[in-house]
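First, the structure itself, so that you have it in front of you.
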Amino acid sequence: MKFVMTQAVCPEGLQMLDGIADVYVADNQDPNNYLDEMKNADALIVRIAKCDGHAIENSPNLKVIGRTGVGYDSVDVKTATAHGIPVVITPGANNRSVAEHAVAMMFALSKNLVEAQTEMCKGNWEIRGAKKAFELEGKNVGILGLGAIGRETAKICEGCGMKIAAYDPFLSKEQVEGYGAEYYENYEELLKISDVVSIHVPLTEETRNMISRKQLSEMKKTALIINCSRGGIINEADLTEALKAGEIAGAGTDVFCNEPPKTDDPLLNCPNLIVSPHSAAQTREAVIKMAQMCVKGCLAVAEGKKWPFVADRSVYDHPKWKDAEYAEV
Ligand SMILES: NC(=O)C1=CN([C@@H]2O[C@H](COP(=O)(O)OP(=O)(O)OC[C@H]3O[C@@H](n4cnc5c(N)ncnc54)[C@H](O)[C@@H]3O)[C@@H](O)[C@H]2O)C=CC1
Ligand SMILES: O=C(O)C(=O)[C@H](O)COP(=O)(O)O
């Protein structure tokens, strides 16, 4: 068996392929640079790299695509599904890590930690008290997308004494309330009442730019917004304007429309912004869980078994999968 990886998974994941598969790790994430290797590949594992239709169509032996993570917006799932190629994902492998990262951003922003560090190290002790911090306890946190990460974030926020409200059009009022959150049918109304907004929706045609100038201008001036989901869900140019104009009090973002963003990207020069390099899931724990879950699923599919954690289960309607059974998870 041959596995191609756009970037190596962690050693704990690689070890699972010892003696089972040859592994080719591309040193560049551009599909054009590993297309030759795809000619006889059984599996392709991508991290945040793009996997386009061209790469899929030029891989005659390809049986499975693995995505070490949850967001599969970078993979052409439609083309893969049309070819009967499941896209294995790893739901739940990084939910705790990303939720902790989102809450860490809430704490850092509400306590002005980054500014305090930067100014104090420049010798400016007067930063002390220059801008009042605030407590998270008692504040409204509005969660967009109450999936695995949204729910874990809600759980941590609840422990901090925050009031939880959520918008998720794929969940009923009863389900949302069952998770301890106040139900909002309209996300714009949720944004208006939130002291902190935390975004945990996938990037889709519906969610792209769901937070733009209008929504930002209607938020509380004291509000914080955190995006550990995907770049493009908040319109970056509009966020830049809103932060510069003081329309909201601060933002934390782990994700960007273009990754990495250019150093002269105007967003990076905004006041009250904290950033991280798409690293919310890069914890010791999550990278192992993502790699192992992804490799396990890819091996099962490459061996002809159905795997339940795939981006689109309708792939199993393809004639290739007619007589196949599910693998043991
Ligand atoms: N920064 C990072 O390193 C990471 C980012 N992510 C991003 O976080 C996203 C969420 O991950 P999980 O919670 O694990 O996925 P999930 O699939 O468990 O949850 C997503 C939730 O969003 C809801 N949703 C879908 N469309 C929506 C819409 N238009 N409005 C409101 N809610 C909507 C779904 O019903 C679902 O409950 C991923 O799609 C990925 O893009 C995930 C892991 C790591
Ligand atoms: O799970 C997701 O979605 C992510 O964005 C994670 O950051 C995935 O991590 P990588 O495997 O792409 O490093």
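Only a predicted model underlies this, so the values are computations on that prediction, with no experimental measurement involved. Numbering of ligands and ligand atoms starts at 1, following listing order. Hydrogens, waters and symmetry mates are skipped; everything else that's a heavy atom, side chains included, is used.
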Backbone of I85 reached by a side-chain donor or acceptor of H83 within 3.5 Å: no
Atom CD of Q117 with >12 non-hydrogen neighbours under 6.0 angstrom: no
Q175 side chain vs S172 backbone, donor-acceptor pair below 3.5 Å: yes
D265: partners by side-chain hydrogen bond (donor to acceptor under 3.5 Å, both in side chains), with sequence neighbours left out: none
Flag for S276-H278: side-chain donor and acceptor within less than 3.5 Å: no
Remaining members of the apolar cluster that contains M105, side-chain heavy atoms under 4.5 Å: V103, M106, F107, L109, V114, F134, L136, V141, I143, L146, I156, M162, I164, L171, V176, Y179, Y183, V196, L224, I226, I274
Enumerate the pairs of nitrogen or oxygen atoms, one from ligand 2 and one from the protein, separated by less than 3.5 angstrom; state names and distance to 0.1 Å.
{"from": "ligand 2", "atom 1": "1 (O)", "to": "V70", "atom 2": "N", "distance (Å)": "2.7"}
{"from": "ligand 2", "atom 1": "1 (O)", "to": "N94", "atom 2": "ND2", "distance (Å)": "2.9"}
{"from": "ligand 2", "atom 1": "3 (O)", "to": "V70", "atom 2": "N", "distance (Å)": "3.3"}
{"from": "ligand 2", "atom 1": "3 (O)", "to": "G71", "atom 2": "N", "distance (Å)": "2.7"}
{"from": "ligand 2", "atom 1": "3 (O)", "to": "R230", "atom 2": "NH2", "distance (Å)": "2.8"}
{"from": "ligand 2", "atom 1": "5 (O)", "to": "R67", "atom 2": "NH2", "distance (Å)": "3.4"}
{"from": "ligand 2", "atom 1": "5 (O)", "to": "R230", "atom 2": "NH1", "distance (Å)": "3.1"}
{"from": "ligand 2", "atom 1": "5 (O)", "to": "R230", "atom 2": "NH2", "distance (Å)": "3.2"}
{"from": "ligand 2", "atom 1": "5 (O)", "to": "H278", "atom 2": "NE2", "distance (Å)": "2.7"}
{"from": "ligand 2", "atom 1": "7 (O)", "to": "H278", "atom 2": "NE2", "distance (Å)": "3.2"}
{"from": "ligand 2", "atom 1": "9 (O)", "to": "Q282", "atom 2": "NE2", "distance (Å)": "3.4"}
{"from": "ligand 2", "atom 1": "11 (O)", "to": "R47", "atom 2": "NE", "distance (Å)": "3.1"}
{"from": "ligand 2", "atom 1": "11 (O)", "to": "T68", "atom 2": "O", "distance (Å)": "2.8"}
{"from": "ligand 2", "atom 1": "11 (O)", "to": "T68", "atom 2": "OG1", "distance (Å)": "2.5"}
{"from": "ligand 2", "atom 1": "12 (O)", "to": "I48", "atom 2": "N", "distance (Å)": "3.2"}
{"from": "ligand 2", "atom 1": "12 (O)", "to": "R67", "atom 2": "NH1", "distance (Å)": "3.1"}
{"from": "ligand 2", "atom 1": "13 (O)", "to": "R47", "atom 2": "NE", "distance (Å)": "3.2"}
{"from": "ligand 2", "atom 1": "13 (O)", "to": "R47", "atom 2": "NH2", "distance (Å)": "2.8"}
{"from": "ligand 2", "atom 1": "13 (O)", "to": "Q282", "atom 2": "NE2", "distance (Å)": "2.9"}

Residue pair N272 / K131, side-chain donor-acceptor N/O under 3.5 Å: yes
Residue shell around ligand 1, heavy atom under 4.0 angstrom: V70, G71, N94, V98, G145, L146, G147, A148, I149, Y167, D168, P169, F170, H200, V201, P202, T207, C228, S229, R230, D254, V255, H278, A280, A281
Distance, nearest 0.5 Å, that separates CG of N235 from CD of E241: 10.0 Å
Residue among K139, K221, K163, K220 satisfying salt bridge (Lys or Arg N to Asp or Glu O under 4.0 Å) with D195: K220
